[in-house]
Amino acid sequence: MTKITAAITAVGGYVPKFVLTNKMLEGMVETNDEWIVSRTGIKERRILKPEEGEGTSYMAIKAANELIEKRDLDPTEIDLVIVATATPDNMVASTAAFVAAKIGAKNAFAYDLLAACSSFLFGMSTAASYIQSGRYKKVLLIGADKMSSIIDYTDRTTCIIFGDGAGAALFEPNEEGLGLQDEYLRSDGNGRQFLGMDAGGSIMPATEETVKNRKHYIYQDGRTVFKFAVSNMADVAEKIMQRNNLQESDVAWLVPHQANKRIIDATANRMGLDSSKVLMNIHRYGNTTSATLPLLLADFEGQLKKGDNLVFAAFGGGFTWGSIYLKWAYN
Ligand code: UT7
């Protein structure tokens, strides 16, 4: 019997219209374009304004609809919709269920998946497992985040980094051995003190105090997170290469989480990869959390060739991190 692998067969992406530039941030907090570019590689990011649309689902639906149109897909054939996100529309009702309803995936079940900046990477593992098991034939994985909804625009250590966006990928069975080949996924909950949001969860429900004390915004100990991100992302990417006997010349593309250009460069260096093989759009979108990986696929789709070896790597809050080796399935 032919082994069934799980391939990505279509992608879509969406970023909101409003562009928040470094120059504009200079008027909001004490920072400057030179600092932001040299420390992070970010030049601008997109923000979802209420006049354009509301909530993470707005962008997720746009990305999914682009995929559906491009692929000429009948949405009633989708079995499962997963929305990877750290900023769901609503703390209780599934954002994925709303997205599925709006895109016409009326035969699908749907749920959200939360693993901070590794949400999409971990979602790839989930989507691929359903396909490989033979249980489902079409799994739509969407990474979407409206980071602007949890950012304090008076805090220069976080507001310069994050942006809003969404990307989608369709997973289907493949009999040519293409798609997901291997994964190495990790987490360490001791890291949660360094990156998160104090209030609004079950430990610290919302009160007047929490609002007054600005506890509903994301915080991060940037330097510590940076240290962990640099070493862990490089470690897992190297491990995936070693485990699959991949030389630098075998890897067509590194698809790295877009948190900081210096973290991406360190990972590429450890892999021995030339910068021409590194997918990057951090200068345009900043860190869109769950959307960085699928937005890269959507932006660079035209350059990816059937059979190309892609190495994905991500690191995020929790801590969560990992790497996936995938063979691209179409031209
Ligand atoms: O995706 C989830 C995972 N997140 C990450 O991977 C983020 C990891 N961390 C980072 O990317 C970096 O740590 C940051 C970009 C957040 C910060 O860069 P850094 O090189 O680690 O800077 P730092 O925090 O060590 O700060 C250096 C200096 C400090 O001033 P002093 O103490 O040296 O006087 C900061 O106060 O830069 C100052 N600073 C700023 N200056 C201008 C911090 N933020 C800013 C700013 N503009 N926006």
Side-chain angles (χ1 to χ4, degrees), residues 20-45 84-87 114-123 143-148 150-165 167 185-197 217-237 255-268 270 280-283 285-296 312-323:
L20 178 61
T21 63
N22 289 351
K23 202 89 218 134
M24 290 155 101
L25 283 166
E26 284 180 12
M28 296 159 68
V29 289
E30 203 183 321
T31 191
N32 59 78
D33 176 59
E34 195 277 328
W35 192 96
I36 302 174
V37 173
S38 64
R39 298 289 179 118
T40 68
I42 301 166
K43 294 187 174 140
E44 56 190 44
R45 63 293 289 141
T85 185
T87 52
L114 169 61
C117 292
S118 306
S119 300
F120 189 84
L121 188 85
F122 289 9
D145 267 304
K146 185 182 167 186
M147 294 306 291
S148 61
I150 53 169
I151 293 298
D152 180 354
Y153 285 95
T154 65
D155 175 7
R156 69 174 182 175
T157 68
T158 50
C159 74
I160 57 133
I161 296 170
F162 294 97
D164 302 338
L185 309 178
R186 313 290 306 145
S187 65
D188 178 1
N190 294 311
R192 82 170 175 185
Q193 59 186 300
F194 303 115
L195 174 55
M197 191 169 84
Y217 295 121
I218 202 170
Y219 66 82
Q220 87 166 338
D221 172 352
R223 222 173 284 188
T224 305
V225 177
F226 183 86
K227 250 185 9 217
F228 277 97
V230 161
S231 59
N232 286 323
M233 234 168 94
D235 282 354
V236 289
V255 190
H257 174 51
Q258 310 282 296
N260 186 316
K261 184 174 181 297
R262 290 183 291 147
I263 300 174
I264 298 169
D265 290 344
T267 304
R270 179 86 77 80
M280 198 122 58
N281 55 17
I282 189 170
H283 53 292
Y285 308 145
N287 182 350
T288 55
T289 304
S290 311
T292 63
L293 300 181
L295 272 175
L296 285 172
F312 293 75
F315 183 89
F319 294 137
T320 55
W321 71 100
S323 183

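We count ligands from 1, going down the list as the structure has it; atoms in each ligand are counted the same way. Below, each value reflects all heavy atoms present in this structure, side chains not excepted, and no hydrogens, waters or symmetry copies. Index from 1, following the sequence.
The side-chain heavy atoms of P256 and M233, taken from C-beta on, include a pair separated by under 4.5 Å.
Note on ring orientation: taking the six-membered ring where Trp is involved, the planes of F228 and F319 are tilted (angle from 30° to 60°).
Heavy-atom contacts from other residues, nucleotides or ligands closer than 6.0 Å to OH of Y153 number more than 12.
Applying the salt bridge (Lys or Arg N to Asp or Glu O under 4.0 Å) test to pairs two or more places apart or on separate chains, those with a residue in residues 26-37 are K23-E26.
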May I have the N/O to N/O pairs between ligand 1 and the protein that fall below 3.5 Å, each with atom names and distance to one decimal?
from	atom 1	to	atom 2	distance (Å)
ligand 1	1 (O)	H257	NE2	3.0
ligand 1	1 (O)	N287	ND2	2.7
ligand 1	4 (N)	Q220	OE1	3.4
ligand 1	9 (N)	G222	O	3.1
ligand 1	11 (O)	N260	ND2	2.7
ligand 1	13 (O)	G222	O	3.0
ligand 1	20 (O)	R39	NH1	2.8
ligand 1	20 (O)	R262	NH2	2.9
ligand 1	22 (O)	R39	NH1	3.4
ligand 1	25 (O)	R223	NE	2.6
ligand 1	25 (O)	R223	NH2	3.0
ligand 1	36 (O)	R156	NH2	2.9
ligand 1	37 (O)	W35	NE1	3.4
ligand 1	41 (N)	W35	NE1	3.4
ligand 1	41 (N)	R156	NH1	3.4
ligand 1	47 (N)	T31	OG1	2.7
ligand 1	48 (N)	T31	OG1	3.1
ligand 1	48 (N)	R156	O	3.0

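Taking the salt bridge (charged side-chain N to carboxylate O under 4.0 Å, His left out) definition, one finds that D188 meets it with nothing, sequence neighbours left out. With sequence neighbours excluded, no residue satisfies salt bridge (charged side-chain N to carboxylate O under 4.0 Å, His left out) with K227.
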